[in-house]
There are 2 protein chains.
Amino acid sequence: MNAPLPIRPTPLYLQDDSHPQARVCAACEVRRSALFGALDAASLDRIHTHIATPQLGPDERIFGRGDPGGAVYTVRSGIVRFERVTEGGDRRIVRLAGRGDLIGQEALLQRPYADEAVACTEVQLCRIPRTLVDQLGRGENALLLELMRRWQQALEQAEAWVADLATGSALRRVLKLLALLDRHADEQGLIWLPRREDMGAMLDMTVETASRMVSRLRRDGAIVPLPPRHARLDRDRLAAVLASQDAA
Amino acid sequence: MNAPLPIRPTPLYLQDDSHPQARVCAACEVRRSALFGALDAASLDRIHTHIATPQLGPDERIFGRGDPGGAVYTVRSGIVRFERVTEGGDRRIVRLAGRGDLIGQEALLQRPYADEAVACTEVQLCRIPRTLVDQLGRGENALLLELMRRWQQALEQAEAWVADLATGSALRRVLKLLALLDRHADEQGLIWLPRREDMGAMLDMTVETASRMVSRLRRDGAIVPLPPRHARLDRDRLAAVLASQDAA
DNA sequence: CGAGCCGTTGAGGGGATTCAAGCTCAGTGG
DNA sequence: CCACTGAGCTTGAATCCCCTCAACGGCTCG
């Protein structure tokens, strides 16, 4: 059971004669960090009609690997995972995206999606058709800069994933994952705690090992699992465990 | 000992009154796959004077993590590795770049470089000052598209690194690395074979384990090391070993 | 209430690390 | 010319971490 996300009311100063979706876009709480934050009100007004804001539940698919890329998405809330199947035949999660992240950028290059994108938590998206960005790209330079910034950000996240989550002992990798998830904590300070099977797909370990590590941290008081799929972290104790781990 | 790379003569039809560097750019053997392949001759003529073509030997540094990003580079030949130091304190190679790849894209966003870039083999580069792309970006759309394409390519390589090189047994990871290096083989079919220490930094294993795996493949006749730092692969036998590995 | 999924824990075995020693080879200097 | 040296590679033995296989408990749902 996942509690529905709160819906913010439209600010009063925007309840004018604009198109409804334009008001939603302008009021978007992630707009300052979102892709279209780079656009002025006039540009926004030209495109708002084509932007959908789909909402998905856990384990619902956003797009699949190989699907024709018809749109890019901005993550407004929630966590999205990118999966692919290794040649060995097992599922591997290669990256996570959270609030403000841009996903499915391949679409802008008229390419099929490279990975399967699946919602981890309840997820709110902005769906931006590819053609929309195409025509904007002709004139607006701010958008392109913002786009490149996101691209680079995704790249750095992918490299950080290799450096952090694919390195060291099982305990260390779990600690790093928790640190990453902590950056996506909700307003009550709760994190999304993946199923052990998903943790295995992220960290290349078995469900048993993932369970053992989480249990160990739970016994140390560093994490308090709050089913379903959530937990509270004690950052200090986690840091202490990580430090004692590095010392060894 | 690394043999000097062959220098191609300038095609006859280009020996006109152009600037010398313009001729070099136009004759560049990787141009069709290079960033500026998207530009026409006129644009090329405007910028050629500012493009340097540095040449580096093995283990020479191209840029360091945190350096102010003054330029992007196209790899004309050779292999470049991206390193960073994990919080654990040990060196980790997070990606490789080869012919035609664009490196240091952070510079276009006026950011410092995210990783240390080091030449693995003899490397030839095109150095493209950031300001040059800035002014081109205003008018030329083809360049921007090409730029985004490369960005996406780098991202996909990073994700494939996680899926391939950070997954499975030590033998499997070594096999995957060899397959990757094979795609950068030179004209004689030789690959760059990293030092065991570097293999360890790529695959998160010890030098001893890396050595054991290479030795095992050598005994199986799947790889013939040709010091210094090179080897010849038997693709069929490598595939056979990989298959028998997956079966287990 | 039984079925099924998920998480947990234990026992045993295997693969990677750790620690250690010996090897090749290039460079150096007696 | 050749011992000496140090870096890189290889191999062995012991240890340990993680995987595999197995069993069990809590929970949700039909």
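Chain A is the first sequence line, chain B the second, and so forth, proteins listed ahead of strands; every chain is numbered from 1.
Scanning for salt bridge (Lys or Arg N to Asp or Glu O under 4.0 Å) contacts around A/R173 gives an empty result, with sequence neighbours left out.
Counted within 6.0 Å of CZ on A/R235, heavy atoms from surrounding residues, nucleotides or ligands total 12 or fewer; the atom is thus considered open. The number of heavy-atom neighbours closer than 6.0 Å to CZ of A/R216, taken from other residues, nucleotides and ligands shown, is 12 or below.
Relative to the side chain of B/R229, the nucleotides C/dG7, D/dG8, D/dT10 differ in distance, and D/dG8 lies closest.
Atom CZ in B/R196 sits about 11 Å away from atom P in D/dT11, given to the nearest Å. Spacing between atom CD of B/Q245 and atom C1' of C/dA16 amounts to 13 Å, rounded to whole angstrom units.
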* Sugar-phosphate or base contact per nucleotide [nucleotides 14-30 of chain D; S, B, -; heavy atom under 4.0 Å] -> ----SSBBB--------
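Looking only at distances, a side-chain donor or acceptor of A/E106 sits under 3.5 Å from a matching main-chain atom of A/A114.
For the pair A/S211 and C/dG7, the criterion of a side-chain N or O lying under 4.0 Å from OP1 or OP2 is not met. The phosphate of D/dT10 has neither OP1 nor OP2 within less than 4.0 Å of any side-chain N or O from B/R219.
Relative orientation of the A/Y113 and A/F63 rings is parallel, given thresholds of 30° and 60° on the angle between their planes.
When the local axes at the two ends of the helix from C/dC1-D/dG30 to C/dG30-D/dC1 are compared, using 5 base pairs at each end, they differ in direction by 20° after rounding to 10°.
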